[in-house]
Amino acid sequence: MARVVVTGGAGFLGSHLCDRLLERGDEVVCIDNLVTGSIGNIEHHFGDDRFSFNRHDVSNHIWVPGEVDVVMHLASPASPVDFARIPIQILKVGGLGTHNALGLAKDNDARFFLASTSEVYGDPLVHPQPETYWGNVNPIGPRGVYDESKRFAEAMTMAYHRHHGVEVRVVRIFNTYGPRMRPEDGRVVSNFITQALQGLPITVYGDGSQSRSFCYVDDQIAGQLALLDGDHTGPINIGNDQEFTMLELAEVVIGVTNSSSEITFEPLPVDDPTRRKPDLTEATTKLSWKPTVDLRTGVTATAEHFAGVLGI
Ligand code: NAD
Ligand code: UDP
């Protein structure tokens with residue numbers, strides 16, 4: 001049993017993490033400013049005295065009364081739509097927020113867990129991407145605010161580890177989807193499913209030949225907990241290595257939802273990565289973890305969630 005601070009705990013991934021931590025007997029202090037999260041993701045824990053919620057922007061000093069065993073830092077908007085909408089907040093939470101969360105861990109002699117991203121590889125020139133790849137990032141493009149803030153966060157985390165002796169874990173998360181994503185999040189799986197359920201055109205950006213490898217949320221959280229509990233600092237890729245083009249994803253979504261939607265093509269965003277797929281060798285050998293949920297199964301569960309949210 002541990003007392004775990006989860007920044008970004010009211011978000012999509014953070015709220016699933018809070019669920020799993022409470023289920024296994026941990027105490028959870030959730031800190032979130034709700035910029036992209038929601039109370040609806042965590043309100044089922046209100047009344048549980050092992051759960052508390054503090055609405056706070058972690059780019060400002062974080063104060064948590066009492067002992068802390070683990071700090072899991074997930075706070076950060078993650079959708080490319082937000083990179084254009086709130087770029088400075090994203091840079092601040094990746095930089096100042098990570099610094100504050102590391103300070104909290106150091107003061108408490110706590111283990112620190114950083115939610116990093118496959119975006120540190122940018123538009124990768126190596127395929128699939130192993131953790132040893134240094135990436136191909138445009139620092140001054142619209143995605144740079146997110147990519148560079150996460151690269152800075154990794155550098156800051158490793159500096160606290162080497163210089164201050166803080167025990168750290170770094171996960172590089174590859175595209176993850178599932179229930180509790182916001183309908184208006186803007187990422188591809190939530191866009192396609194909400195469009196298909198409403199019979200609206202499915203908006204494929206570019207010619208749809210770009211690829212991603214989609215991980216279901218339950219697999220993602222299991223991988224993160226294996227990393228947290230194990231002996232490896234990382235960074236370690238956690239994701240699913242089944243790769244799909246966006247046109248293939250659109251076909252899966254249309255099939256699962258039995259939708260009459262047609263596909264339309266819209267301009268490809270600037271610096272949109274061409275291909276992305278995790279090399280999972282480290283995760284499977286060091287954490288004995290591997291993803292188990294295939295795309296069709298995960299999309300089916302996610303579509304049920306969105307049908308409920310949209311009242312369809
Ligand atoms: P999300 O937007 O649902 O969750 C992020 C949460 O952080 C939200 O609840 C938001 O309100 C909160 N937050 C943002 N800035 C904050 C601040 N300054 N102070 C306090 N709270 C703040 O997104 P998500 O998909 O759940 O992502 C969670 C984490 O995982 C992020 O760090 C993201 O970069 C990382 N990640 C996610 C994916 C993915 O595919 N879902 C991929 C790579 C990395
Ligand atoms: N995409 C798309 N239609 C949409 C939203 C996204 O074709 O409505 C594409 C986007 O251009 C990218 C891929 O889907 O190539 C994944 O986008 P997402 O925003 O989910 O995450 P990314 O991996 O780019 O951060």
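Order of listing sets the numbers, starting from 1, for every ligand and every atom in it.
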[atom]: which protein heavy atom is closest, and how many Å away?
atom: atom 21 (O) of ligand 2; answer: N175 ND2, 3.5 Å
atom: atom 13 (C) of ligand 2; answer: M246 SD, 3.6 Å
atom: atom 7 (O) of ligand 2; answer: Y205 N, 2.8 Å

Inset, instruction - Answer with side chain, backbone, both or neither: which part of Q210 has a heavy atom less than 4.0 angstrom from an atom of ligand 2? - result: side chain
Legend entry - Which segment of N191 sits under 4.0 Å of ligand 2 when only heavy atoms are counted: side chain
Legend entry - Euclidean distance, L228 CG relative to L21 CG, rounded to 0.5 Å: 7.5 Å
Legend entry - Nearest-0.5 Å distance, CD of residue Q242 to CZ of residue R296: 13.5 Å
Legend entry - Close-range residues for ligand 1, whose non-hydrogen atoms fall below the 4.0 Å threshold: G8, A10, G11, F12, L13, D32, N33, L34, V35, T36, G37, H56, D57, V58, S59, L74, A75, S76, P77, A78, V93, A115, S116, T117, Y146, K150, I173, N175, T176, R187
Which atoms from ligand 2 have a heavy atom of [X] less than 4.0 Å away?
X: T203; value: 2 (C), 3 (N), 4 (C), 7 (O), 8 (O)
X: V204; value: 7 (O)
X: D272; value: 10 (C), 11 (O), 12 (C), 15 (O)

Is it the case that ligand 2 has an N or O less than 3.5 angstrom from some N or O of [X]?
X: V189; result: no
X: R187; result: no
X: Q195; result: no

Legend entry - Pair listing, ring-ring contact (aromatic ring centres under 6.0 Å, His included) test, anchored in residues 182-234, at least two apart: Y177-Y216
Legend entry - Any E266 heavy atom less than 4.0 Å to ligand 2: no
Inset, instruction - Report yes or no: does E119 have a heavy atom closer than 4.0 Å to ligand 2? - result: yes
Inset, instruction - Indicate whether the side chain of Q129 and that of H127 have a donor and an acceptor atom separated by less than 3.5 Å. - result: yes
